[in-house]
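Values below: every heavy atom of this structure, side chains too, minus hydrogens, waters and symmetry copies. Within every chain, numbering begins at 1; the chains are lettered A, B, ... in the order of the sequence lines, protein sequences first and strands thereafter.
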There are 2 protein chains.
Amino acid sequence: MNTLTPHPNEQPSLARQAYRLLKQDIINGSHKPGDKLLMSHLKDHYDIGAGPMREALSQLVAERLVTAISQRGFRVAEMSLDEMKDIYDARAHLEALIVRLAIERGDEQWEADIIGKAHTLARVDEVDTPDDMLNIWDARHKAFHAAVAEGCGSSKLLEVRSSLLDQAERYRQVWLRHTVFSQSALEGKRQEHQQLVDALLARNAEQASALMYSHLMTPVPIITALLDAQA
Amino acid sequence: MNTLTPHPNEQPSLARQAYRLLKQDIINGSHKPGDKLLMSHLKDHYDIGAGPMREALSQLVAERLVTAISQRGFRVAEMSLDEMKDIYDARAHLEALIVRLAIERGDEQWEADIIGKAHTLARVDEVDTPDDMLNIWDARHKAFHAAVAEGCGSSKLLEVRSSLLDQAERYRQVWLRHTVFSQSALEGKRQEHQQLVDALLARNAEQASALMYSHLMTPVPIITALLDAQA
DNA sequence: AATTATAAAAATGTAGATATTTTTAGATTT
DNA sequence: AAATCTAAAAATATCTACATTTTTATAATT
């Protein structure tokens with residue numbers, strides 16, 4: 001998760017701690033989309049005054065995970081199919097662009113990193129609990145994609161990518177459960193990653209970019225179906 | 001300027017008012033890059049308590065215009081040539097992508113809007129003061145580019161664009177003075193815009209995208225020279 | 001059922017308390 | 001004497017508690 005790390009070696013303020021916790025709680029669904037975030041509850045739950053709590057909320061408003069209406073407080077940002085499609089399409093196009101730049105600019109260390117992370121991801125096996133499985137695969141999957149994107153060499157593009165990733169995160173959770181617990185889905189992803197790695201190492205920008213776009217768009221119909229089923 | 005408008009018909013909180021004013025003051029250089037933002041000064045200057053002031057600062061940290069170090073307060077974000085190049089390159093690539101999508105997705109209203117805004121921009125003349133000239137040309141130039149980008153139809157891409165625009169704004173101010181007060185520079189821009197409009201209306205995605213990229217990158221050497229001269 | 005007045009709840013803000021960092025001046029060492 | 005260290009003082013950042021304003025809920029009235 002992208003948590004705006006301002007400086008190393010410092011103990012974070014209460015506002016920042018509350019920001020981290022609340023962000024996590026929104027992403028993992030402890031606070032549901034559209035929920036009222038009542039100041040009195042937040043103060044109790046995060047054991048903090050209203051001032052720092054409002055700081056945390058303000059930052060999450062800037063990140064689009066919370067909405068504010070003046071004099072009426074804060075709510076968890078709504079989720080919708082339309083927004084999901086917009087986020088996924090925007091992110092897929094952006095990552096396709098980043099991959100093109102990465103192929104142009106990435107060095108040998110970049111290649112090595114990708115190969116390493118792809119390898120680690122491909123052998124997520126023999127895990128104790130299903131929950132472990134989900135968390136480990138998710139972490140390694142993210143690490144793989146981060147390694148690919150790093151090659152573009154642009155802090156700003158990586159920041160923008162990170163911001164869209166955060167906004168996608170609540171939708172991604174839905175897809176993740178579907179994918180990680182299906183052997184065939186996992187195998188499909190494994191193949192897509194392999195194809196992508198091959199195109200990257202061959203420095204085939206057009207192919208890699210197209211593969212990245214479609215790889216990132218595959219969750220859209222799945223999430224659509226799952227969210228439709230819920231409603 | 002992108003000011004995170006949360007809801008219509010509401011009187012903004014003091015925190016939001018301070019956010020707007022401080023953002024403006026940072027962009028127009030009233031607060032210089034690297035300046036300490038002393039809470040006691042901010043409180044006096046914006047006539048507000050520390051709580052709401054910190055809210056405003058937190059949002060600007062999220063937008064990368066302010067930096068925070070725990071227990072040591074806030075500073076105006078630094079400026080550097082490296083950052084400028086990164087922002088401009090990232091934004092140019094992003095706008096090139098947005099143009100490609102806009103050509104694919106834009107409707108007739110989009111075309112009409114572009115033609116209208118381009119026309120208005122081309123005839124910025126007979127203005128009273130030089131300052132008016134600068135402000136009017138800047139506003140119309142922004143409106144033209146906004147109209148082009150709108151066609152992509154993606155709120156998220158437009159948000160990301162807006163965020164990069166805000167981050168570019170302090171550098172842009174430097175370039176703006178150079179360009180608006182030079183007849184030859186203005187004429188050059190006029191031609192670039194005309195070429196871009198022609199490519200857009202012809203729905204030539206590759207050409208329009210390339211034109212947009214180079215159009216947005218032309219300020220880089222100019223800003224580089226001007227900032228080097230200052231230092 | 002709709003309207004208004006009142007009470008309760010909630011959001012937002014200020015002032016002052018607390019904790020941390022920075023400065024200053026003096027003491028100690030090289 | 002210059003540099004380094006130390007301890008107190010001042011400045012600053014951060015937080016809490018309470019005050020004020022606004023919104024929402026309740027109850028009484030038309």
Under 3.5 Å, N/O pairs linking protein and nucleotides 11-15 of chain D:
residue	atom	partner	partner atom	Å
D:dA13	OP1	B:Lys36	NZ	2.4
D:dA13	OP2	B:Met39	N	3.0
D:dT14	OP1	B:Gln71	N	2.7
D:dT14	OP2	B:Arg54	NH1	2.2
D:dT14	O5'	B:Arg54	NH1	3.2
D:dC15	OP1	A:Leu14	N	2.4

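Taking a heavy-atom distance under 4.0 Å as the criterion, the stretch of DNA chain C touched by chain A extends 5' to 3' from C:dA10 to C:dT12.
Take B:Glu104 and apply the salt bridge (Lys or Arg N to Asp or Glu O under 4.0 Å) test, not counting sequence neighbours, and it matches no residue. Not counting sequence neighbours, the partners of B:Glu55 by the salt bridge (Lys or Arg N to Asp or Glu O under 4.0 Å) test are A:Arg54. Partners of B:Asp35 by salt bridge (Lys or Arg N to Asp or Glu O under 4.0 Å), not counting sequence neighbours: none found. Shown here are the side chain to side chain donor-acceptor pair (under 3.5 Å) partners of A:Gln173, two or more places apart in sequence or in another chain: A:Glu169. Listed by chain and residue number, B:Asp89 satisfy the side chain to side chain donor-acceptor pair (under 3.5 Å) test with A:Arg105 (two or more places apart in sequence, or in another chain).
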Identify each donor-acceptor pair in which a side-chain atom of residues 219-231 of chain A lies under 3.5 Å from a protein atom, sequence neighbours left out, and give them as a table.
residue	atom	partner	partner atom	Å
A:Thr224	OG1	A:Val220	O	2.6

Residues 38-47 of chain B, side-chain donor-acceptor partners within the protein, below 3.5 Å, at least two apart:
residue	atom	partner	partner atom	Å
B:Tyr46	OH	B:Asp25	OD2	2.7
B:Tyr46	OH	B:His31	NE2	3.1

